[in-house]
Amino acid sequence: MKLSLEAVAALTGGTILSGDPELNVFGVASLLDATPEEASFLGNEKYFEDFLHTSAGIVLVPPGLPKYPENVAFVEVANPSMAFNALVKYFKASSYKFVPGIHPTAIIDPSAKINPDRVRVGAYTCIGAHCEIGDGTDIGNACQIGDSVTMGENCRLHANVTIRERCKLGSRVTIQPGAVIGSDGFGFLMGDNGRYVGIDQVGIVELGDDVDVGANTTIDRARFGRTVIGEGTKIDNLVQIGHNVVVGKHCIIVALSGIAGSTHVGDYVTIAAQVGIAGHLKIGSKSTLAAQTGVTADIPENAAYWGTPASPFKDACRQFAALRKLPALIKEVHSFKRKLDSSGN
Amino acid sequence: MKLSLEAVAALTGGTILSGDPELNVFGVASLLDATPEEASFLGNEKYFEDFLHTSAGIVLVPPGLPKYPENVAFVEVANPSMAFNALVKYFKASSYKFVPGIHPTAIIDPSAKINPDRVRVGAYTCIGAHCEIGDGTDIGNACQIGDSVTMGENCRLHANVTIRERCKLGSRVTIQPGAVIGSDGFGFLMGDNGRYVGIDQVGIVELGDDVDVGANTTIDRARFGRTVIGEGTKIDNLVQIGHNVVVGKHCIIVALSGIAGSTHVGDYVTIAAQVGIAGHLKIGSKSTLAAQTGVTADIPENAAYWGTPASPFKDACRQFAALRKLPALIKEVHSFKRKLDSSGN
Amino acid sequence: MKLSLEAVAALTGGTILSGDPELNVFGVASLLDATPEEASFLGNEKYFEDFLHTSAGIVLVPPGLPKYPENVAFVEVANPSMAFNALVKYFKASSYKFVPGIHPTAIIDPSAKINPDRVRVGAYTCIGAHCEIGDGTDIGNACQIGDSVTMGENCRLHANVTIRERCKLGSRVTIQPGAVIGSDGFGFLMGDNGRYVGIDQVGIVELGDDVDVGANTTIDRARFGRTVIGEGTKIDNLVQIGHNVVVGKHCIIVALSGIAGSTHVGDYVTIAAQVGIAGHLKIGSKSTLAAQTGVTADIPENAAYWGTPASPFKDACRQFAALRKLPALIKEVHSFKRKLDSSGN
């Protein structure tokens, strides 16, 4: 499998800046790893030094660079990272192909609706009573699917995924290994006898179309009603979503973040890593929460917040900068005090 | 399945404030989702607006509300959230019933003590040598139970739970999917050759009666002796408990928190989400650690703490409030300085 | 199994300070739990009070203690914690023995290279096409190993581990239950239609020799190329390693920490618990990041950092100490202001 410079430009919708249109590459790599027979890309100005020292044959570049290395062919594109993805797809090392069929060790309840000619079910996977699995869906090895779970078409569940009873998945949902959908919400009441009593958690989890769920992420079922992840939302690894949370459409939730019970997150919200959001809050659409933010109050739309407790992003930056000056400030104030005292004020 | 207003009052120990005692409801829902044929509850004043606009047939309310919506029947109860739980149980959508029996694909070592007429073991679950499983215990699909593990009566392990060798579970322990009990403690010593040497972790984990463990939570075995979770303690998803930690009775540990090795936590402690507690500390009984707190020193009894490093809760609130004023304070101090300088002080 | 005081000294390379050389112990325990028939150790001065009240028969001690309890035999060693490990090994309660053999329910693709006389494969484990498994490797129950995975010799995978296609493990790699190696990296681009498009993640994960991976930890495969964990690095439970991260040799990464995509971590770095490191950064060798640190910029070699955003450790300590004084400082400045105003300045 090879690709000429001309073909690279065509595939990425870019313009050849330099190089022989018939120059061929045979794979892709990062700027520092790439050989003259591979293509690479400059997607982030942090890598400009790597770019100047690359041995790649072809590099996808954004417009207007101040300097270029020698002996490299360049294709200019608007978004090198997205354009490079087209090359990655072309050379796709992964041999994943959807091959329908039910592994003989899979245990599927006879009441489940599933077309064995159009669905794949891996080894040691169990599918409960009254499940409905859409065509084109690929369920990996050792997944445990509870009773009355429904999945749309063309979903992909990797190995060791657990989906508890009655949860609903849209179409084209992807779930990485070890994720748990529909675990009991964490709700207890303190009884008069000094012991916690579990609150029954009889609701479900509903994942919209095109939702991605990361490895070992956990999404709790609602106390009653539904915990909802909206269409197109992408969730990273080791994220915790509490019961009755409603996340809107096309959000990003990065690793090790947690959203407590009954909080509503709007659409197009970006939640960076290790963010914590308290329960019963509203997070406005198109807002951004920077990494490690601790949210204890509602967040307006289109806003960026940072810090614990969360402040508007620019305020948080000023606070963090001011904190660095605080030890010196304390000394300065003490020195004033001495001056004022000695001047008799 | 239906319930009259009179029956709702009887079931919840409440008083009818308004409505026809023979009015029937057929299910439960949140204030905004409920129809006239469903019951709901007002458990948190944040939902007072939803309450005023509910279409529910019956609402459980706390005493002394300033205002009520029209055309709704009310039952006054001391604790609407707990009372509602009784209704949820009544209408329980979940069809969970304990049906004893060993799935033919379960692999149970012949030396294990387990009564197949009184225990359920799911598909593809393995139970090691010399295990003892109490009556009424329900072990889901694909659980991996190591040698010499003991469990009391009426435990429930959901799918994909791993319990390593020799760990001990009390009675009525509930474990959500993907949790790991008895992983090796994280202990290494730097050798003279510049390489870490693993310290053998030969102890166990002991979970008391009525302990709950959340999805994908991990509890490490002791270096020697025991890592202990006391009776009645409830642990949320994605929590990490280090080796030789001792957690007391009736504690709450919320998602994404971590407790490092050898720390002792008292009874009735509440540890909110994303809290980190360093090793070898003592956390006093009935103390509360607010979300994202970082604990680096012992915490007294009955205290509330917040922040990193943890301060008494009120102090932390004052510090966070002061931090918001700090950028302005710095300007003010600089302006004094100019005044003082110009005034010749 | 027993050990005399003389034998304890020989085994640990220590010196008998007091006690009958023929005194025997039959096991090990902590200072407070130990009986006169057990050995213990004083590894941390925090336990000095426990030491003074121990009932242990023999205690391993560091040089130069100010005081000793009565009726206890002492062996002085340079590093009591490491020395004690030798005793733990001797009395090792764990009965782990490597017994090669393929469980009849394991499903191993015929193209996999694996010597059934020298490898153990547990029940319900699946090993994909073209895998290569080194001699002495022990794969527990219910592990899911994708196609073309390679492992060196003497690895140990506990139950329920998932390793996706093409990942490479060195020799003597240990993986705790529930860990996921090779999940897809978290990479999306926003399309013109307002929907995220997944970036293909076609690289792999490579774990060096002697790497340990904790329970339910997740390590994402590279976008292309490799996510690398260097030789001898030890990773705790519930850690997230993003795509294309490169971690050097002999690092420690403690629980609930996350490293975002493409960051490079040097050798001998210590990353304490709940640390977050942003993407595309360089963390210098032999640096230390204290717990809950949030790293948003490169970290130099040999440095210790703390706080969010990370400051040099001593600066962070000063900032945290200053923050505690800030509420009082604000009052003081306001009092100056009043004085200055009233004095006509």
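So that the names make sense, note that chain A is the first sequence line, chain B the second, and so on, each numbered from 1. Computed from a predicted structure; not experimentally measured.
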Quick check: are there more than 12 heavy atoms from other residues, nucleotides or ligands sitting under 6.0 Å from CZ of C:R156?
-> yes
Atom NE2 of B:H103: over 12 foreign heavy atoms under 6.0 Å | yes
Taking every heavy atom of C:M82 against every heavy atom of B:M190, the minimum-distance pair comes out as CE-O, 3.7 Å
Looking only at heavy atoms, what is the nearest atom pair of C:W306 and B:T308, with distance?
-> CZ2-CG2, 4.3 Å
State, with a plain yes or no, whether a side-chain heavy atom of [X] is found less than 4.5 Å away from one of [Y].
X      : Y      : result
B:F320 : C:P327 : no
B:P309 : C:R324 : yes
B:R164 : C:P177 : yes

In terms of heavy-atom proximity below 4.5 Å to chain B, should [X] be classed as side chain, backbone, both, or neither?
X      : value
C:A291 : neither
C:I253 : backbone
C:F84  : both

Does the pair B:R195/C:D210 count as a salt bridge with the N-to-O cut at 4.0 Å?
->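 Counted as a salt bridge, because a side-chain N and a carboxylate O are separated by less than 4.0 Å.
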Would you mind telling me which of [options] has the largest number of heavy-atom pairs within less than 4.5 Å of chain B?
options                        : result
C:H334, C:Q176, C:K46          : C:Q176
C:L238, C:N44, C:D33           : C:L238
C:L329, C:N160, C:D236, C:I235 : C:D236
C:K249, C:E231, C:K325, C:H158 : C:H158
C:A29, C:A255, C:A142          : C:A29

Under 3.5 Å: donor-acceptor pair, side chain of [X], backbone of [Y]:
X      : Y      : value
B:D200 : C:N85  : no
C:N216 : B:N216 : yes
C:Q274 : B:L256 : yes

Between [atom1] of [X] and [atom2] of [Y], what distance do you get to the nearest 0.5 Å?
X      : Y      : atom1 : atom2 : answer
B:D192 : C:N79  : CG    : CG    : 9.5 Å
B:L323 : C:L326 : CG    : CG    : 7.0 Å
C:H250 : B:F188 : NE2   : CZ    : 13.0 Å

Taking every heavy-atom pair that is under 4.5 Å apart, which of [options] has the most such pairs with chain C?
options                        : answer
B:Q144, B:Q292, B:H280         : B:H280
B:S257, B:G225, B:A316, B:G307 : B:S257
B:A321, B:G294, B:G242, B:A179 : B:G294
B:I204, B:T217, B:T293, B:T296 : B:T293
B:N244, B:V239, B:T105, B:I199 : B:I199

What part of [X] lies closer than 4.5 angstrom to a heavy atom of chain C: side chain, backbone, both or neither?
X      : answer
B:Y124 : both
B:Y196 : both
B:V275 : backbone
B:I277 : neither
B:E332 : side chain

Please walk me through it: do C:V254 and B:F186 pass side chain to side chain contact (heavy atoms under 4.5 Å, CB included)?
-> CA-CA 8 Å; C:V254 186; B:F186 191 67; 4.1 Å; yes
Parallel, tilted or perpendicular, as decided by the 30° and 60° cut-offs, for the rings of B:F336 and C:F336 =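 Ring orientation of C:F336 relative to B:F336: tilted.
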Under the 6.0 Å and 45° cation-pi test, does B:R223 pair with C:F41?
->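 Yes, B:R223 sits over the ring of C:F41.
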